[in-house]
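What follows is a set of notes on a single structure, which appears directly below.
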Amino acid sequence: MNSPLVDIRDLRVKFSGQRTVHALNGVDIALSPGESLGILGESGSGKSVTLKAMLRLLPPRRTTVAGSIAVDGQDVLAMNADTLADYRGKTVSMIFQEPALALDPVYTLGHQIAESVIRHEGCDRATARQRALDMFERVRIPSPARRLDAYPHEMSGGMRQRAMIALALACRPKVLLADEPTTALDATVQIQILLLLRELQREMGMAMIFVTHDMGVAVEVSDRIAVMYGGRIVESGGVADVIKSPSHPYTRGLLASTVHGAMRGTRLEAIAGAPPSLATAPTGCSFAPRCRLATPACEGAVPPMVGVGPAHVARCIAVAPAAA
Amino acid sequence: MLIYLIRRLIFVLPIALAVGVVCFSLVHIAPGDPLVSILPPDAPQTLVEQMRKSYGFDQPMPVQFGIWLGKVVTGDLGTSIATSRPVAGEIGKAVGNTLLLAMVATLIGFFFGCLFGFVAGYFRDSVIDRIAVTVSILGVSVPHYWLGMVLVICFSVLLPWLPATGAGPGSSADWRWDWEHMRHLILPAITMSVIPMGIITRTVRALVGDILSQEFVDALRAKGLTDGGIFRHVVKNAAPTALAVMGLQLGYLLGGSILIETVFSWPGTGFLLNSAIFQRDLPLLQGTILVLAMFFVAVNLVVDVVQTALDPRIKRG
Ligand SMILES: Nc1ncnc2c1ncn2[C@@H]1O[C@H](COP(=O)(O)OP(=O)(O)OP(=O)(O)O)[C@@H](O)[C@H]1O
Ligand code: SF4
Ligand SMILES: [Mg+2]
């Protein structure tokens, strides 16, 4: 009946250049308004590329994109330059991993937020600045009026990330993309930022896609989890389902490697074997070289998604489908 | 900012003093007796002694330096041996002309340097980029007196459009902003602008390429800025460095224009220096070198201060 807010179907991204990289090989994501999806996966699995594709930030000349991305009923891949600029920051906005690099060093934070508000709402400078101040208060930056006139390098990492969040939320986007927004921060600051994000996301009724390496972080901020491997989603479902009954061997490996240690702060590299080469598009299960259950059939064809529970799917032929 | 300014000014003092010592001793190290060139070879010994005294050449070196420095500080650079006119006045007029030529040339160079640099930086590895890079390399490597002569041959001799020498009609050295005078400025200014243009093109191209590859540009795009909006950010990020390079170029042009001024008989400091050398006019030579060196120090100071004021990342203190 009601179509999802974000509807990504069979998204494929290929980079050409000195090296060909098949970064995404068929990604499907559906997200309802107000829902929070955590994308988990090891380095190179295509998490950042997925988010960048949603904002069309990939270098156009070297990138081939196939499939479809619809957000709020708009076809993102078909947008012209003007529509795209209106959509970016207004319908969908993004928080970057390293706020020190993602903020312009020579403009004040207040200016950078106001600029975005003026761009999308066409208001005057005073109104935009007032909005920037409101946002600084919402993300709980101490002495906000003074900090508006600060340059990025004058703030600590945690404060900068709060400012980045204020910037991303200033135009009340429907979807917030967060690409490992806490990886660069100290553990204590990390938790504060996560809680703040989750709170703001609920308060403002935004949908959120949150990318992370970290199982504990994903559990903290998500309603649903999608596990990525080799440019595909290999398992997705509600947080509790995925954590309690992981189905895909890769997800099980991830959980086994984090269950004994502390949940948070554990990186996902603990599974034996190397990540797949993406030089050619995979014709079978990308995880087969590292999978203990692999059979010749696994490499013959790309495994289909099978339902393993209500709204819980996995891409593995060794998984028994749930009885309907 | 004020404290920073004062500190910067204090740092300049020892540099200025060192420049003074070098200027002073340069002339005394040079071989030959400066009086020989103005006195007839058969002048009586008493007259030579008298002249030597009146120019102060009979005193010991440190005393001569002290006296010289004292006068310099009060603006007295001595009297030209060749013309018997005060050196300060001669230099003053020449400085005005040199400043005019150097500033116009720098502005032309800056304008085209930025234009080419931005276009090349934005369209890296395109045909336009290759052309801009080639032009900038040519600009830096072509000998300027040669370029000057080529321009004279083209636009003064073959096509009699522009005058080839002087700074105004007749032999007048007083500048005025009318077409009669400005005509004289065009060829030397273009010739001179080629150096800063080449260097600024290369600087700006590298700057723009570097800025565009930074993540914050993606972030600006992600918040919905159009190319025009992003361009403003690129300009503001590039401005401190581009202006600093422009200032340094102005400094170089102020000091390094001897060849061009000679080719065009432009009555500036370089031309003056040239005639001072050939006439062995020591006070004039000393004064000119000193003023040129101080210029360079001053330009560096201004560039530093401006760059600090423009770039919030440089700490003031
Ligand atoms: N602009 C690009 N040009 C070429 N290849 C790229 C580009 N961006 C990403 N890739 C490649 O695409 C693959 C997926 O990269 P992506 O950045 O999405 O990984 P990720 O899951 O975000 O990893 P990480 O956790 O390290 O951020 C990698 O192999 C990467 O090298
Ligand atoms: S499809 Fe085969 S190789 Fe892939 S995860 Fe399942 S069992 Fe392992
Ligand atoms: Mg990434």
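All chains are named by letter (A, B, ...) in the order of the sequence lines, taking the proteins before the strands, and each is independently numbered beginning at 1. Note that the structure is predicted; figures quoted are calculated from it, not measured.
No salt bridge links Asp179(A) with Lys52(A); every basic N to acidic carboxylate O contact stays at or beyond 4.0 Å.
Within the 4.5 angstrom heavy-atom criterion, only side-chain atoms of Leu55(A), from C-beta onward, approach chain B. Residue Leu177(A) does not touch chain B at all, counting heavy-atom pairs closer than 4.5 Å. Of the atoms belonging to Asp86(A), not a single heavy atom falls under 4.5 Å from chain B.
Counted by atom type alone, Ser136(B) and Thr201(B) present zero donor-acceptor pairs between their side chains at under 3.5 Å.
The number of heavy-atom neighbours closer than 6.0 Å to CZ of Arg172(A), taken from other residues, nucleotides and ligands shown, is 12 or below.
When Val217(B), Thr226(B), Asn237(B) are compared by the number of non-hydrogen pairs under 4.5 Å with chain A, Asn237(B) comes out ahead. When each of Met94(A), Gln112(A), Lys90(A) is checked for heavy-atom pairs under 4.5 Å with chain B, Gln112(A) comes out on top.
A donor-acceptor pair is defined here as one N or O able to donate and one able to accept, closer than 3.5 Å; such a pair exists between the side chain of Arg119(A) and the backbone of Gly224(B).
Of all heavy-atom pairs spanning Val117(A) and Ala170(A), the tightest one is CG2-CB, 3.9 Å.
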